Number of protein chains: 2
Amino acid sequence: MANKTRITIKDVARAAGCGVATASRVLNKSGSASSETRERVEQAARDLGFAFSATGRALQSRKSMTVGCLIPSLANPVFAEAVQGAQEELRKEGYQLLVASSNYDGETDNEILTTLLAKDVDGLLVTMVDPQDSSALNMAQGRNVPTCLMFHDPLPGWPSAHVSNAEAAAEVARRFARYGHRRTGFLALRFATSDRSRNRFDGFRAECAAQNLPAPELIEITETEANTPSILAQRLCEHPELTAIFASNDFLAIAVQKAANLMGWHVPQDLSVVGFDGIEVGRLLDRPLATIETTPEAMGRQAAQTLLVGLQGGEMAELTPLPFTFRVGATLSTPRTKSPDDDRGAAQSPSVPPLTSNVKQG
Amino acid sequence: MANKTRITIKDVARAAGCGVATASRVLNKSGSASSETRERVEQAARDLGFAFSATGRALQSRKSMTVGCLIPSLANPVFAEAVQGAQEELRKEGYQLLVASSNYDGETDNEILTTLLAKDVDGLLVTMVDPQDSSALNMAQGRNVPTCLMFHDPLPGWPSAHVSNAEAAAEVARRFARYGHRRTGFLALRFATSDRSRNRFDGFRAECAAQNLPAPELIEITETEANTPSILAQRLCEHPELTAIFASNDFLAIAVQKAANLMGWHVPQDLSVVGFDGIEVGRLLDRPLATIETTPEAMGRQAAQTLLVGLQGGEMAELTPLPFTFRVGATLSTPRTKSPDDDRGAAQSPSVPPLTSNVKQG
DNA sequence: ACAGCAAATGGAAACGTTTCCAAACCACGA
DNA sequence: TCGTGGTTTGGAAACGTTTCCATTTGCTGT
């Protein structure tokens with residue numbers, strides 16, 4: 001019960017009958033020491049169950065061996081997987097990850113970054129609402145804290161592990177065009193706080209134009225609308241002319257299918273749907289989801305590796321976008337040919353078979 | 001370019017023309033100071049862009065304001081959500097979360113815990129392979145580092161935020177029995193490294209016995225088998241007598257459906273399937289998954305709140321299990337009556353409607 | 001004008017490390 | 001016997017805080 005709560009290197013030194021400097025040298029295998037002292041120190045350390053205090057070390061060496069990680073939410077598997085990948089990569093090199101999420105809130109982003117910087121993180125891995133003018137992110141730069149973004153399209157000043165949102169979205173537009181769709185929609189959640197979503201829309205719209213399609217309809221919905229199929233169905237009904245919907249992420253795309261079912265529309269005959277991200281469950285659906293397949297874990301790994309270069313004092317190179325794949329699912333087909341009084345949901349012959357090959361792009 | 005890299009309280013004191021003690025008092029709003037000095041110090045701090053170093057503070061106060069979090073993997077949304085909940089709860093009180101995952105490996109568990117302890121975490125949130133005899137977890141106890149488990153059924157020595165795995169599993173057995181199933185199977189992944197999974201099986205088996213059902217078949221599969229529908233289908237074929245399968249998590253349950261489809265079996269007529277966890281996507285499937293619905297985020301929150309009590313020096317009480325719900329989906333029904341040469345997959349009249357009410361239990 | 005007291009202040013120690021530096025020690029050849 | 005040069009060794013400073021404690025300052029009331 002009279003346990004001193006912490007065993008320090010001084011305790012070890014005393015037990016071994018030597019100075020702390022010597023103990024430190026032995027335990028770190030730096031500098032020289034006679035084999036007898038070495039033995040005594042090691043024995044003492046073992047007996048006492050000594051372990052270095054990372055705090056003491058951090059203070060003296062000005063290296064915390066800690067990386068800060070800011071993301072919108074761990075409840076989104078895309079971010080969670082990225083963190084998982086980054087964490088594994090960093091741990092190999094002895095770094096720990098300080099993780100915090102902002103819930104898609106710009107102010108919280110800054111608060112968190114400030115806290116992380118105060119914690120003396122050696123580096124930063126960041127996905128946030130508005131990196132371009134975050135005071136805290138600038139402060140990180142001023143303090144020379146290596147920083148790598150994740151998911152964001154390239155931004156001046158920071159490397160970013162990402163997939164080209166615009167190019168991926170363009171691929172979707174091309175697919176739609178190839179299947180003969182003309183009136184398309186882009187379904188967005190949190191459009192205001194996600195540059196990813198905005199960039200997807202921009203890329204999608206641009207390619208629609210290039211393909212001589214009418215401009216896509218932008219449909220913004222709230223979290224509640226996304227989670228309530230009946231309401232979502234209502235929103236979709238406001239756009240009866242659309243034959244294909246590009247959802248800004250897979251969950252949304254699945255929700256659209258659900259909503260469509262509710263109205264008796266058949267996917268894909270009555271409405272084609274394509275998602276974004278390529279989450280695993282999309283594959284397991286009865287009607288596997290057509291989607292842009294990305295690899296968030298690889299993204300996290302890449303970000304971590306780049307950061308490691310920065311942490312070792314190197315120059316962090318601008319990153320080339322990670323490849324994406326168009327996953328051919330069963331939710332994209334030719335639109336049914338519609339007559340003006342066409343009744344959606346009527347029996348329908350099978351659609352043309354989907355294109356057989358996937359496209360990989362970098 | 002000649003920037004001193006870090007601004008310390010000494011710099012502030014010098015700029016304000018006072019001692020560091022005074023500066024510290026002002027900036028911390030502790031102790032007294034004349035309004036002029038107060039003003040000068042605050043001005044100086046603002047001008048210099050001063051921020052406290054958490055490391056220095058941690059060293060002197062022996063509080064790192066950091067909590068360590070160990071989980072099997074962030075790639076599993078159940079854990080990711082728990083971390084999310086815990087993180088939010090802890091941040092409110094000024095704590096940051098140091099997150100690491102072990103990939104379901106017991107040795108890694110211990111390595112990580114050791115590292116976290118070295119980092120002087122003030123508390124620990126843990127889900128691991130084998131908490132009962134982890135040297136590192138004992139060390140945490142010896143060092144008086146408050147620790148709360150997550151997901152684990154109660155264990156002597158540590159509080160645990162959890163759902164009663166056995167009771168939840170028993171509920172599944174009762175549902176199976178009520179629908180007239182007799183030959184059932186329990187599909188397990190990582191049985192060896194998950195006490196949760198084992199406890200579910202035990203509870204399931206016990207209640208099968210109580211309901212006079214034959215002992216359930218334990219079917220262990222590997223990750224690869226789980227991810228490859230065709231192989232999984234093969235495994236299922238080895239047990240043609242089973243009419244209902246309880247999968248140890250929802251992903252597995254979805255995989256079973258997929259595999260069943262592949263063989264032309266109809267779910268639930270030919271094979272009923274129930275999952276565990278209650279992940280969101282289960283709801284969005286064409287055939288919504290029947291499952292035990294749990295609330296991982298709430299679990300993370302509860303664990304964090306308990307831990308906070310411990311962090312404030314209080315006694316951490318044993319936690320009562322969190323409630324779970326049996327989610328009535330569309331994957332559980334009466335088994336089709338089988339004749340010996342019955343051809344599974346033949347056309348079939350609709351099953352009886354599912355029970356209408358959910359059950360909530362704590 | 002002065003004792004007495006509260007408010008304000010700053011020096012110094014401590015937290016646990018690492019590392020610089022000077023001192024002590026050793027064996028060896030001259 | 002004594003330098004010489006290398007190996008071991010430990011004291012002390014530094015990293016950025018907070019806090020104890022002693023000192024100084026400024027008033028109050030008599």
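Quantities reported herein were computed from a predicted structural model and do not represent experimental measurements. Naming: A, B, ... by sequence-line order, numbering from 1 per chain.
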Please work out if [X] contacts a base, only the sugar-phosphate, or nothing of the nucleic acid, heavy-atom cut-off 4.0 Å.
X        : result
A:Ser53  : sugar-phosphate
A:Ala51  : sugar-phosphate
B:Gly56  : base
A:Ala118 : nothing
A:Thr37  : sugar-phosphate

### Message
Does a side-chain N or O of A:Ser32 approach OP1 or OP2 of D:dT9 to a distance below 4.0 Å, or not?
### Response
no
### Message
For a quick check under 3.5 Å, do A:Arg6 and B:Asn144 share a side-chain donor-acceptor pair by atom type?
### Response
no
### Nearest-neighbour nucleotide for the B:Lys10 side chain, C:dC15, D:dC15, C:dT9 considered
D:dC15
#### Entry: Trace of the side-chain hydrogen bond (donor to acceptor under 3.5 Å, both in side chains) decision for B:Ser101 with A:Gln84
CA-CA 8 Å; B:Ser101 60; A:Gln84 170 69 22; 2.9 Å; yes
## Note on the structure
Whichever of A:Ser35 and A:Val20 has the more 5' nearest nucleotide on DNA chain D, that residue is A:Ser35
### Task
In sequence, state the C-alpha distance, the side-chain angles, and the governing distance for B:Arg40 and B:Glu36, and then conclude on salt bridge (Lys or Arg N to Asp or Glu O under 4.0 Å).
CA-CA 6 Å; B:Arg40 284 204 323 274; B:Glu36 304 101 72; over 6 Å; no
### Query
Ignoring hydrogens and angles, are the base of C:dG16 and the side chain of B:Arg62 linked by a donor-acceptor pair under 3.5 Å?
no
### Query
Do side-chain atoms of B:Asp109 reach the backbone of B:Val129 as a donor and acceptor pair under 3.5 angstrom?
yes
